[in-house]
Visitor: 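Quick one: this structure, given as structure tokens, is what I'll be asking you about.
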Amino acid sequence: MSDRNIYLKTIPVHEAVAVAIAALDREKLVKPENIPVHEALNRVTSEAVRARCSSPTYHSAAMDGYAVKSDTTFSAREGQPIELIKNDTCIAVNTGNALPDGMDAIIMIENIVDNGDTISIESPSFPWQHVRRIGEDIVATEMLLPRNHTISAFDIGALLSAGIYDIKVHEKIRMTFIPTGDEILPFADRPTPSAGEVIESNSQVFRALSLGLGIEFTATSPVRDRKDLLVKSVETALNNSHIVVIGAGSSAGSKDFTSKVISQIGSLLVHGIAIMPGKPTVLGTAKNKLLVGAPGYPVSAVVCFEDILTPVISWLSGKTAPEREKVQVRLARRTPSNPGMEEIIRLAVGKVGNGYTGVPLARGAGMITTLTKAQGFTRVPAGSEGIELNELVEVELFSDKQNLKNIIMHVGSHDNTLDLLGDILMGAETPIRLVSTHAGSMGGITALKNDVALFAGSHLFAPESGDFNFPFLDIYLPDLDVTVINLAIRHQGFIVPKGNPLKITGIESLRDGSINFINRQRGAGTRILFDYHLEKAKIDSESVKGYNREEFTHMAVAANVLTGTADCGLGIYAAAKALNLDFIPLANERYDLIIPDKYMHDTRIISLVNLLKSDEIKEAIKSLGGYEITMTGKTMKPGMGLG
């Protein structure tokens, strides 16, 4: 009999949230507590709050000047002033002073003439002019705040003004996160993982997200893959938590004990939600507390927190669930999706022309860096087969929409120098964030054609002319005026393990199919360069072992070689150097940035062009190794080749 779990019927996210809320008794679970008002920021009232004192508690002067009895001033006219006697028919007051007995108005100091023992005025006052009356702001016994109100900085001022020094609020929601897995290494030990080991990080992602919701968060030490140990850990956590989250172990593997533990301790409510990533989410209850099985893959875990936990936590806290700012974004690439399940697509988003453009990022649930690179995400409905190129979609942003104006969108060939550009641009007086999508040189040209990027990196070589990029621009962008600026001349070659154990000498070493090669994706300039040299050497691509295995960056190619997944791959010297691998030169090539002329006056592009001409970027590129900077920052013309 199999030890693997079988998913219960997956249900939509909103149904899973509703099931969890229906299973909890909030009134019994979340208790009220008294805390000092001055420490109550962002806490939630558990009952209505009524004023103990009025504010102000007395009639007071709202201006500096003289207090008067208004009916003694009615005869004053411009050109026909009247005199009032100090400390008799008028009394000097400062703002905030109590209104003297018998007086009902204040004349501002600017509107009097001081005669020594008297003052003269040329306009009458009226009852209660410039006077703050008792209870003008707050009247004792009136309701200041209703229940389930999130207390702001201004509320604190109002409460103290009304003589309220302690307030009854809902206790903070307490969450305990239990990491699980034999392969998990505690991050606090600062480990260097070996094969089969993973540094635990999901607990700290949950901690950071929890802080934004005002949660008291605790994480335990990792629990090994033993059901009895997990049961004990969950039972302990239930004693002082409203929510217990079991990290990983929620999927269908033989060591995924979460659903079984929840069933043993309490009631299993949901095993699987109809969303990708995030499907393996598990929900249950025990002792009127919420038990959650969060997926192990980090992006799935984040979806579990934001789509399931956040609305439940907000309900428990008496708060409205937070909403992200949304914008309409034009999709830069067709993105298919499997119908039957909602899918979340992470996007790099920036302002291009008069609107916003979104480039879909990698969709793997284990790729946490796609969240660091993304500016937002869109949701593909369960009944949809995907999103078409240039289709407008609603995107939920990770930060304020205003930040998008300082993003410069690049689509094109990957190069390590782009990271240098991005770092220096972010250090500018007005920081600019470079968002780069690695779609290959042809992908970059296509992006410019579709007007979904501000610039593209390209290193396409045309053997017929010996030139770079311009022959392809003539073919694919005949109607778009562009400026081409060189970033660097870079060295391409074969990346091989340290010491070159297989004695690879160059393209000829691939002829007999004994070398396990890793290729770049179709449309990449590196792929086109490789195909050119295969043809030149009269080597059939079918005979190259691994020809159809593709990676999207030079660093990914180098990583394959480092880990032994491949014996070699074609890439830039800088990638080999970064991972301490050996390098066999094949060719030098020109890596240019292609910028539509219509964007040359965009302030972000101006900053980029100025940087390309600077000594700072030239020295930074030179330090990487494997680059020549003789043409860096120069505007290229057809036929310039390698200069």
Side-chain angles (χ1 to χ4, degrees), residues 1-8 20 23-24 29 173-210 215-273 278-298 300-302 304-305 308-309 312 365-366:
M1 182 176 177
S2 174
D3 290 330
R4 294 185 177 274
N5 297 306
I6 298 175
Y7 281 113
L8 302 178
L24 299 172
L29 179 58
I173 303 301
R174 296 183 299 277
M175 176 190 292
T176 297
F177 188 100
I178 305 173
T180 70
D182 293 338
E183 76 282 10
I184 296 299
L185 302 177
F187 74 92
D189 294 345
R190 303 190 175 191
T192 299
S194 301
E197 296 178 330
V198 178
I199 301 171
E200 197 282 311
S201 61
N202 281 355
S203 67
Q204 299 312 295
V205 175
F206 269 53
R207 177 181 180 274
L209 292 170
S210 295
I215 295 172
E216 287 188 1
F217 181 90
T218 302
T220 72
S221 299
V223 176
R224 297 183 66 79
D225 285 323
R226 279 178 45 189
K227 183 181 174 185
D228 60 324
L229 295 179
L230 184 55
V231 168
K232 182 178 179 181
S233 184
V234 172
E235 288 179 335
T236 300
L238 281 170
N239 291 331
N240 56 8
S241 307
H242 300 101
I243 300 172
V244 176
V245 179
I246 303 169
S250 63
S251 194
S254 59
K255 291 187 177 182
D256 292 323
F257 298 120
T258 298
S259 61
K260 296 173 183 176
V261 167
I262 291 176
S263 296
Q264 178 177 326
I265 295 174
S267 300
L268 182 65
L269 302 174
V270 175
H271 187 190
I273 55 175
K279 177 184 175 183
T281 297
V282 175
L283 300 175
T285 58
K287 300 180 180 178
N288 190 37
K289 297 177 178 182
L290 184 65
L291 297 176
V292 180
Y297 280 137
S300 290
V302 169
C304 169
F305 188 99
I308 301 294
L309 278 175
V312 175

Visitor: Only pairs at least two apart or in different chains count here, so list each side chain to side chain donor-acceptor pair (under 3.5 Å) that has a residue in residues 193-209.
Guide: E200-S203
Visitor: Minimum heavy-atom separation for V312 to L290, with atom names?
Guide: CG1-CD2, 3.9 Å
Visitor: Between F305 and F206, does the ring centroid distance fall short of 6.0 Å?
Guide: yes
Visitor: Heavy atoms, side chains only, cut-off 4.5 Å: are T180 and L230 in contact?
Guide: yes
Visitor: What distance do I265 atom CD1 and K287 atom NZ have between them, rounded to the nearest 0.5 Å?
Guide: 8.5 Å
Visitor: Checking N239 now: which residues fulfil side chain to side chain donor-acceptor pair (under 3.5 Å) with it, not counting sequence neighbours?
Guide: none
Visitor: Does K289 use its side chain to pair, donor to acceptor, with the backbone of S241 at less than 3.5 Å?
Guide: yes
Visitor: Report yes if some heavy atom in the side chain of T281 is under 4.5 Å from a heavy atom in the side chain of V270; otherwise report no.
Guide: no
Visitor: To the nearest 0.5 Å, tell me how far F177 CZ sits from T220 OG1.
Guide: 8.5 Å
Visitor: Mind jotting down which residue pairs meet the salt bridge (charged side-chain N to carboxylate O under 4.0 Å, His left out) criterion with at least one end in residues 226-241? Sequence neighbours excluded, please.
Guide: R226-D228
Visitor: State, to 0.1 Å, how close A294 and V245 come at their nearest heavy-atom pair, and which atoms those are.
Guide: CB-CG1, 3.8 Å
Visitor: Can you tell me if H242 uses its side chain to pair, donor with acceptor, with the backbone of R174 under 3.5 Å?
Guide: yes
Visitor: For a side chain to side chain contact (heavy atoms under 4.5 Å, CB included) check, start with the C-alpha distance between L24 and N288, then their side-chain angles and the critical distance, and finish with the verdict.
Guide: CA-CA 6 Å; L24 299 172; N288 190 37; 4.1 Å; yes
Visitor: How many angstroms lie between atom CG of L283 and atom OG of S259, to the nearest 0.5 angstrom?
Guide: 12.0 Å
Visitor: Would you say that M175 contacts L309 through its side chain, given a criterion of any heavy-atom pair below 4.5 Å between the two side chains?
Guide: yes
Visitor: Does atom OH (Y297) have a neighbourhood of more than 12 heavy atoms from anything else shown, all under 6.0 Å?
Guide: no
Visitor: How far apart are the closest heavy atoms of I273 and G278, and which atoms are they?
Guide: CG1-O, 3.3 Å
Visitor: Are any of the side-chain heavy atoms of P298 and V205 separated by less than 4.5 Å?
Guide: no
Visitor: Please find the pair of heavy atoms, one from A23 and one from T285, that lie closest to each other, and give the distance.
Guide: CB-CG2, 3.8 Å
Visitor: For residues P191 and I199, report the shortest heavy-atom separation together with the two atoms involved.
Guide: O-CD1, 3.8 Å
Visitor: What are the two closest non-hydrogen atoms of A286 and L291, and how far apart are they?
Guide: CB-CD1, 3.8 Å
